[in-house]
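Single-structure report; data block below.
Start at 1 with the first residue, then count along the sequence.
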Amino acid sequence: MVIDSYVVDLYVRFRDLTYGGSVEMNVSSDGELLINSVDLSIRSVSIDGKPIKYSYDGKVIKIDGPVSGVVRIEFEGKIPDRLLGIYRAPYGDSYIITTQFEPTGARYFIPCIDHPAVKARFRFRVRVDGDYDVIFNTPPLRVYWDGSWKVFEFADTPRMSTYLIYLGIGRFYEIRDKVGNVDVIFATPLSDRVEEGAFAIDVAKKVLEFYSNYFEIPYPLPKLHLIHVPEFAAGAMENWGAITFRETALLIGRGSTEASRRRVAEVVAHEIAHQWFGDLVTMAWWDDLWLNESFATFMSYKAMDALFPEWNVWFRFLADETMNSMLRDSLMSTHPVHVPIASEEEAFEIFDDISYGKGASLLRMLENYVGKEDFRRGLSNYLKGHAYSNATEDGLWRSIEEVSGKPIMKIMKAWVDKPGHPVITVETETQGVTLRQARFVFGGNVTDTWPIPIVFRVNDRVNRVLMEGDSLSLNIPETTFLNVGGSGYYRVKYNDWSKALNNASDDIERWSVLNDAYSHLLQGSVSLDEYLRLVKSVNNVVNYLLTTSLIMQLGTLYSIRPSAIKEAFVDYLKAQSRALEGMSGIDDVREIVLARRALIDEDYEKTLADMVKDYENANPVMRQAIVNAYAIVGDNPFETLKNLYRSLRTDEDRVRVLSAMLSIPRVEEYAKALDFLVSGEVKKQDVRMFIVGARNPFTRDVSLDWLVKNYKLFIEAYGDPGTLSRTLIATIPIIGIGREGEVERFLRNLNIPGIEMGVNASLELLKVYSAFYSRYA
Ligand SMILES: [Zn+2]
């Protein structure tokens with residue numbers, strides 16, 4: 001089957017939320033031709049102008065082969081509210097029409113061969129019934145009126161995959177800028193928010209230049225839109241030349257914090273990296289989704305590091321990408337980075353920590369192993385060799401292998417094709433040490449080996465060795481630090497954790513020891529006392545890496561067993577607050593520390609709660625702390641926070657208040673907050689904030705009952721099972737504590753295709769957390 005191009009001629013009745021038109025595809029097929037088309041009304045099918053016989057079951061149009069010529073399909077469709085395919089995204093009392101296709105939404109929009117490897121050129125003509133703006137991947141060549149229709153004729157796209165098509169219709173307000181000869185355009189439907197796109201535009205311009213130089217390939221389209229979509233299931237989506245974002249990932253205004261600026265920069269840099277990695281060169285099938293996401297994730301940090309060296313972005317990388325993915329990857333039920341995908345439904349489930357965080361961490365390990373310049377050249381050659389086409393991971397490994405002369409294929413295959421990651425143990429010998437490796441699993445280590453590029457440090461000397469078997473003898477002292485720069489995707493089990501921490505020479509090494517100790521605590525091979533002693537010895541050290549990682553770890557333990565953790569957690573947060581006094585330039589860390597302290601330190605809560613009355617004049621960095629404190633000690637916290645929510649102007653503030661509501665410890669008030677979440681007043685995209693509520697240790701039963709009653713909403717709102725799968729992993733291990741048997745029966749009986757990984761991972765992690773709960777009764 002070969003397809004050359006599509007000509008798509010659409011009309012859209014904006015107020016009726018209906019559309020239709022024709023799709024012509026220039027195609028040849030030896031056998032039966034299958035055209036994806038979900039829930040559309042098919043009016044006619046013809047080849048070269050002659051009507052032909054076809055069948056349509058609501059999902060696929062079948063035409064007997066062989067087929068050669070221009071297949072023309074006339075169709076009609078409706079524009080629903082579900083956040084997939086073409087949909088209505090409301091704001092205030094108006095809406096825009098927008099699209100979200102990855103992985104399989106394009107078939108809900110037009111009849112097409114909806115497969116990432118079936119690339120074609122697209123020519124779009126769109127008529128709308130009023131004076132609206134229309135945004136597409138390419139700029140319009142002509143805009144004119146035809147009676148009451150406003151017509152847009154867009155330039156042909158390059159060869160591209162269907163999941164990257166974008167169409168947006170409504171009234172948009174813009175900032176236009178230029179870098180080289182590329183137009184960079186911010187577009188929002190909110191007329192009073194347009195200036196809040198300035199920061200993203202600035203980042204986008206710099207990032208476009210950075211990647212053009214790094215990849216040695218200019219940005220291939222004449223324009224790039226950054227589009228604010230008011231209801232959006234994902235954080236952002238890399239449609240070629242027309243990137244879409246939810247508000248909190250794009251807009252920066254007067255009330256935005258430093259943390260928000262960094263998040264926006266990261267997401268903009270991630271989506272722009274996809275314009276090359278994903279859009280110009282695309283994975284051949286969804287089993288290589290990780291390659292797209294790992295690269296965009298890794299590259300976004302490289303770009304940020306170049307643009308904002310003062311941000312210390314690798315600290316953020318280790319905390320947010322490496323640490324989080326290692327947690328999931330410590331389960332027997334984790335999946336390999338490269339995962340076989342039999343059906344398209346399964347593809348929804350793998351947009352997870354493994355595909356993003358683990359994959360990106362493996363790339364960082366690889367770059368460290370081959371060196372920055374060989375890595376860059378290998379990557380650039382790979383992109384040049386597959387431009388406007390598709391590729392698999394093997395092509396990339398080969399390309400880096402050719403440049404570096406190192407056995408990249410062998411090493412990387414082992415890391416991406418096998419689930420899990422190793423733990424290295426150290427045995428002292430009369431001469432030096434013996435390192436042994438096994439697979440680290442919370443339930444107990446399992447025999448397995450990886451080719452591990454170990455970077456170790458003896459005093460000040462950094463050395464490298466590739467450990468290939470299950471053991472390796474080295475003539476080095478026992479105090480050798482075994483994961484310099486935290487670049488290795490493995491854990492180390494130290495014989496003496498305090499000694500290891502003392503021996504660490506910088507904050508990354510300290511973090512590495514603490515992260516390893518935490519995972520062994522969950523495994524049961526380090527005691528809580530020992531772990532808390534290690535935490536205490538760094539409680540004055542403030543930086544994004546150590547502080548947010550420890551708050552995450554202590555916060556999880558607190559959610560499982562508050563009584564066992566509270567005192568140490570409050571001490572830690574007080575020490576951090578003291579250390580932060582007088583420090584500047586780390587408001588992103590300050591916000592997290594204060595917000596967390598406001599949830600568990602009663603003395604601190606009393607000083608803050610009153611400030612809720614003047615929330616909108618409060619320093620943005622304090623706002624989360626203020627509403628959190630109010631949730632714990634305020635009067636009628638649900639009513640007060642609900643009224644505040646209704647008065648707010650930005651999603652950044654709304655999300656803060658929602659998050660506080662879901663932290664209310666009183667059961668009845670908390671139950672009202674959960675109902676508010678699905679009352680229709682809160683955006684659908686924010687239903688997944690339920691995850692915050694699930695971490696509330698005082699309301700577990702209400703959370704679990706609510707999830708059992710409402711889980712279908714996740715599929716209805718998002719249109720796919722992926723969000724439910726990820727929500728289960730993030731919530732069940734905590735809210736299931738004490739009701740394990742009931743939870744297992746509930747999940748095993750769900751029978752929803754595309755959530756199996758989520759069910760297995762959440763039940764396994766529930767066992768780990770329940771065991772911790774019982775150990776520290
Ligand atoms: Zn991405």
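- Between Asp675 and Lys672 there is no salt bridge, since no side-chain nitrogen of the basic residue lies less than 4.0 Å from a carboxylate oxygen of the acidic one.
- In summary, Asp352 and Arg328 engage in a salt bridge, as defined by a charged side-chain N under 4.0 Å from a carboxylate O.
- Residues meeting the side chain to side chain contact (heavy atoms under 4.5 Å, CB included) test with Lys684, sequence neighbours left out: Asp81, Leu83, Glu231, Ala717.
- With Asn36 contributing its side chain and Asp114 its backbone, the two residues share a donor-acceptor pair below 3.5 Å.
- Ring-plane geometry between Trp706 and Phe714 is classed as perpendicular, the angle between the planes exceeding 60 degrees on a 0 to 90 degree scale with a lower cut at 30.
- Within a 6.0 Å radius of NZ in Lys767, other residues, nucleotides and ligands contribute 12 heavy atoms or fewer.
- Because its NZ or CZ atom is not both nearer than 6.0 Å to the ring centre of Tyr776 and within 45° of the ring axis, Arg561 does not count as a cation-pi partner of that residue.
- Evaluation of the ring pair (Phe, Tyr, Trp, His ring centres under 6.0 Å) rule for Tyr166 yields no partner, not counting sequence neighbours.
- For Tyr670, the side-chain hydrogen bond (donor to acceptor under 3.5 Å, both in side chains) criterion is met by Ser703, not counting sequence neighbours.
- The line from CG of Asp329 to OG1 of Thr322 is 11.5 Å long, rounded to the nearest 0.5 Å.
- Side chains of Trp290 and Asp288: a donor-acceptor N/O pair is present below 3.5 angstrom, by distance only.
- The shortest side-chain heavy-atom distance between Arg246 and Asp686 falls under the 4.5 Å cut-off.
- In summary, the side chains of Thr556 and Ser559 do not present any donor paired with an acceptor at a separation below 3.5 Å, with no hydrogens or angles considered.
- Under 3.5 Å, the side chains of His228 and Thr188 contain a donor-acceptor pair of N or O atoms.
- The ring pair (Phe, Tyr, Trp, His ring centres under 6.0 Å) search around Phe698 returns none, not counting sequence neighbours.
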Practice problem: Given side chain to side chain donor-acceptor pair (under 3.5 Å), test His270 with Glu293 step by step and report yes or no. | Solution: CA-CA 9 Å; His270 177 109; Glu293 294 310 341; 3.1 Å; yes
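- In summary, Glu616 and Arg649 do not engage in a salt bridge, as defined by a charged side-chain N under 4.0 Å from a carboxylate O.
- A salt bridge links Arg193 to Glu247: one of the charged nitrogens lies within less than 4.0 Å of a carboxylate oxygen.
- By the 4.0 Å N-to-carboxylate-O rule, Arg739 lies close enough to Asp705 to be salt-bridged with it.
- Remark: Ala694 pairs with Thr731, Ile735 by the side chain to side chain contact (heavy atoms under 4.5 Å, CB included) rule, at least two apart or across chains.
- Note on ring orientation: taking the six-membered ring where Trp is involved, the planes of Tyr711 and Phe746 are perpendicular (angle over 60°, cut-offs 30° and 60°).
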Quiz item: side chain to side chain donor-acceptor pair (under 3.5 Å) between Ser294 and Thr297: does it pass, once the steps are laid out?
Solution: CA-CA 5 Å; Ser294 303; Thr297 302; over 6 Å; no
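- The residues Glu652 and Arg623 are annotated as not salt-bridged, no charged nitrogen and carboxylate oxygen being separated by less than 4.0 angstrom.
- One N or O on the side chain of Asp57 and one on the backbone of Val60 form a donor-acceptor pair closer than 3.5 Å.
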Which donor-acceptor pairs under 3.5 Å do the side chains of residues 658-668 make with protein atoms, sequence neighbours left out?
{"residue": "Ser663", "atom": "OG", "partner": "Ser659", "partner atom": "O", "Å": "2.9"}
{"residue": "Arg666", "atom": "NH2", "partner": "Gly634", "partner atom": "O", "Å": "3.3"}

